[in-house]
Participant: 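Below you will find the structure I want to go over with you.
If you read the sequence from its start, that first residue is 1, and numbering goes on from there.
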Amino acid sequence: MAELTAPDRAVAEAAALTWPEVGALGRAAVLVVPLGATEQHGPHLPLSTDTDLAVALCSGLARARPDVLVAPALPYGSSGEHAGFPGTLSIGQAALELVLVELCRSATEFVDRVLLVSGHGGNAEPLRRACALLRSEGRDVRFHLPRYPGDAHAGRSETALQLALDPARVRLDRAEPGETRPLRDLLPALRAGGVSAVSANGVLGDPTGATTDEGTVLLDLLITDLIERVCRWWPTPSPERIRR
């Protein structure tokens, strides 16, 4: 039988590999899981917007780190605040927490380090609880939520990011302002009735004027921030620690 070697680092997607190829990477690999949502993003952005961002961040990290393996994205999250808009599919906080716990327990059968990267802020609490439990079990599991300035939801920042990722999926001719008051002023109504209670079109902000160029700059900043954060958690290994 021919000796197994790990695939070229350009092939960073776990779903494209066989089990021996994944095994050849060794336990020192970092499994990175993109975590998103399937939820409304106004009349101009696709339901996959949060998942698309999570995948892009994980791919950017994998290009910078030879020890990173990107898992298939989890496209469902805790999106109850977007109920009432057709297309939103939420599994809720309890179900998401359980899924993350069991997923990471499974992952640590073959890798020592797991990173959950979420493109949806509504996943924050289940992420925190799941990671706290997993770390109490002695598993090296961490999570990352990108932070960036701009509108709260489906506004200029998210529109610019999606333009940078895939402009063909942005309906710029349908982009229109939604509720533009500061988020702090909206929180009581949001908590009581969700996004539909404050914005008829599902937008919290103003996406008009967003450009691909500003999205490209923002995406680069977010990827750089993720790379730097991961390097603080897990310094880049020397080449001899990566099995080839």
Participant: At what distance, to the nearest 0.5 angstrom, does CG of Asp225 lie from OH of Tyr148?
Facilitator: 12.5 Å
Participant: Roughly how far, to the nearest 0.5 Å, is CG of Leu17 from CG of Leu25?
Facilitator: 7.0 Å
Participant: Can you find a side-chain donor-acceptor pair between Glu39 and Ser79 that sits under 3.5 Å?
Facilitator: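 Looking only at side-chain atoms, Ser79 and Glu39 do form a donor-acceptor pair, the distance falling under 3.5 Å.
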Participant: Using 0.5 Å steps for rounding, measure from the CG atom of Leu161 to the CG atom of Leu222.
Facilitator: 6.0 Å
Participant: Examine distances only and state if a side-chain atom of Thr38 and a backbone atom of Thr88 form a donor-acceptor pair shorter than 3.5 Å.
Facilitator: no
Participant: Has the side chain of Asp151 got a donor or acceptor atom that lies under 3.5 Å from a matching backbone atom of Arg156?
Facilitator: yes
Participant: Just say parallel, tilted or perpendicular for the rings of His41 and His82, cut-offs at 30° and 60°.
Facilitator: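 Aromatic pair His41/His82 classed parallel.
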Participant: Count I, L, V, M, F, W, Y as connected when their side-chain heavy atoms are under 4.5 Å apart, and connections chain through other members. Are Val55 and Val30 then in the same cluster?
Facilitator: no
Participant: Report yes or no: do Ile91 and Leu127 belong to one cluster of Ile/Leu/Val/Met/Phe/Trp/Tyr joined by side chain heavy-atom distances under 4.5 Å?
Facilitator: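 Yes; tracing contacts between hydrophobic side chains, which count when under 4.5 Å, links both residues.
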Participant: Distance alone, cut at 3.5 Å: any donor-acceptor contact between the side chains of Ser78 and Asn123?
Facilitator: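 No pair is found: no donor N or O on one side chain lies under 3.5 Å from an acceptor on the other.
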Participant: Kindly indicate whether the side chain of Leu74, heavy atoms from C-beta on, has any atom under 4.5 Å from the side chain of Pro34.
Facilitator: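 Contact flag for Leu74/Pro34 side chains = no.
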Participant: Within the supplied structure, the quantity of interest is the number of heavy atoms (other residues, nucleotides, ligands) at a distance under 6.0 Å from Arg232 CZ; does it exceed 12?
Facilitator: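 Count over threshold, so yes.
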Participant: Under a 3.5 Å threshold, yes or no: a donor from one side chain and an acceptor from the other, between Trp234 and Asp140?
Facilitator: yes
Participant: Would you check if there is a donor-acceptor pair between the side chains of Asp206 and Thr208 at a distance under 3.5 Å?
Facilitator: yes
Participant: Just how far is it from atom CH2 of Trp233 to atom CD of Glu228, taken to the nearest 0.5 Å?
Facilitator: 12.5 Å
Participant: Mind checking whether Leu61 and Ile223 sit in one hydrophobic cluster, side chains of I, L, V, M, F, W, Y counted as touching below 4.5 Å?
Facilitator: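 Hydrophobic grouping puts Leu61 with Ile223.
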Participant: How many angstroms lie between atom CG of Leu53 and atom CG of Leu35, to the nearest 0.5 angstrom?
Facilitator: 11.5 Å
Participant: Please report the closest heavy-atom contact between Ser90 and Gly80, naming both atoms and the distance.
Facilitator: OG-N, 3.4 Å
Participant: Considering only heavy atoms from C-beta outward, does the side chain of Val117 approach that of Cys58 to under 4.5 Å?
Facilitator: yes
Participant: Checking side-chain contact (heavy atoms from CB on, under 4.5 Å) for the pair His153/His120: CA distance, chi angles, key distance, verdict?
Facilitator: CA-CA 10 Å; His153 184 75; His120 174 49; 5.9 Å; no
Participant: Of all heavy-atom pairs between Leu145 and Ala124, which one has the smallest distance, and what is that distance?
Facilitator: CD1-CB, 3.5 Å
Participant: Please go through Val195's hydrophobic cluster and name the other residues, only I, L, V, M, F, W, Y counting, with side-chain heavy atoms under 4.5 Å joining them.
Facilitator: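 Same cluster as Val195: Phe85, Leu183, Leu186, Leu187, Leu190, Val198, Leu204.
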Participant: Mind listing the closest non-hydrogen atom pair of Ala210 and Leu163 along with its distance?
Facilitator: O-CD1, 3.6 Å
Participant: Mind listing the closest non-hydrogen atom pair of Leu69 and Glu13 along with its distance?
Facilitator: CD1-C, 4.1 Å
Participant: Can Leu221 be reached from Leu57 by stepping across I, L, V, M, F, W or Y side chains whose heavy atoms are under 4.5 Å apart?
Facilitator: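 Different clusters: Leu57 never reaches Leu221 through Ile, Leu, Val, Met, Phe, Trp or Tyr contacts under 4.5 Å.
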Participant: Check whether any side-chain N or O of Ser157 sits under 3.5 Å from a backbone N or O of Pro149 as a donor-acceptor pair, and report yes or no.
Facilitator: yes
Participant: Are the side chain of Thr180 and the backbone N or O of Gly205 linked by a donor-acceptor pair below 3.5 Å?
Facilitator: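 Not confirmed, Thr180 side chain does not pair with Gly205 backbone.
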Participant: Any sub-3.5 Å donor-acceptor pair from Arg139's side-chain atoms to Cys131's backbone N or O?
Facilitator: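 Not at all, since once roles are kept as given, no pair shorter than 3.5 Å links the two residues.
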Participant: When you measure from the side chain of Asp52 to the backbone of Leu165, do you find a donor-acceptor pair of N or O atoms at a distance under 3.5 Å?
Facilitator: no
Participant: When you measure from the side chain of Thr159 to the backbone of Pro207, do you find a donor-acceptor pair of N or O atoms at a distance under 3.5 Å?
Facilitator: no
Participant: Determine, step by step, whether Glu81 and Ser196 satisfy the side-chain contact (heavy atoms from CB on, under 4.5 Å) criterion, reporting the C-alpha distance in whole Å, the side-chain angles of both residues, the deciding distance to 0.1 Å, and the verdict.
Facilitator: CA-CA 8 Å; Glu81 68 273 20; Ser196 63; over 6 Å; no
Participant: Enumerate donor-acceptor pairs with a distance under 3.5 Å from any side-chain N or O in residues 95-104 to protein atoms, sequence neighbours excluded.
Facilitator:
residue: Glu97; atom: OE1; partner: Arg129; partner atom: NE; Å: 2.8
residue: Glu102; atom: OE2; partner: Arg105; partner atom: NH1; Å: 2.9

Participant: I need the minimum non-hydrogen distance between Glu21 and Ala16, along with the two atoms involved.
Facilitator: OE1-O, 4.5 Å
Participant: Testing the 3.5 Å rule here: is there a donor-acceptor pair between the side chains of Glu214 and Thr211?
Facilitator: yes
Participant: Spell out, as yes or no, whether a donor-acceptor pair under 3.5 Å connects the side chain of Arg27 to the backbone of Thr108.
Facilitator: yes
Participant: Can you tell me how far CG of Asn201 sits from CZ of Arg174, rounded to the nearest 0.5 angstrom?
Facilitator: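 Between Arg174 CZ and Asn201 CG, I get 13.0 Å after rounding to 0.5 Å.
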Participant: Does any non-hydrogen side-chain atom of Gln162 lie less than 4.5 Å from one of Pro167?
Facilitator: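 No, too far: nothing below the 4.5 Å cut-off.
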Participant: Can you confirm whether the side chains of Arg169 and Thr49 place a donor and an acceptor under 3.5 Å from each other?
Facilitator: no
Participant: For the OH atom on Tyr76, are there more than 12 heavy atoms of other groups (residues, nucleotides or ligands in this structure) within a distance under 6.0 Å?
Facilitator: no
Participant: Looking only at side-chain N and O atoms, does His44 offer a donor or acceptor that is under 3.5 Å from a partner on Asp173?
Facilitator: no
Participant: Using a 3.5 Å distance criterion without hydrogens, assess whether the side chain of Ser199 forms a donor-acceptor pair with backbone atoms of Val203.
Facilitator: yes
Participant: Can you see which heavy atom on Leu45 is nearest to which on Ala154, and at what distance?
Facilitator: CD1-CA, 4.1 Å
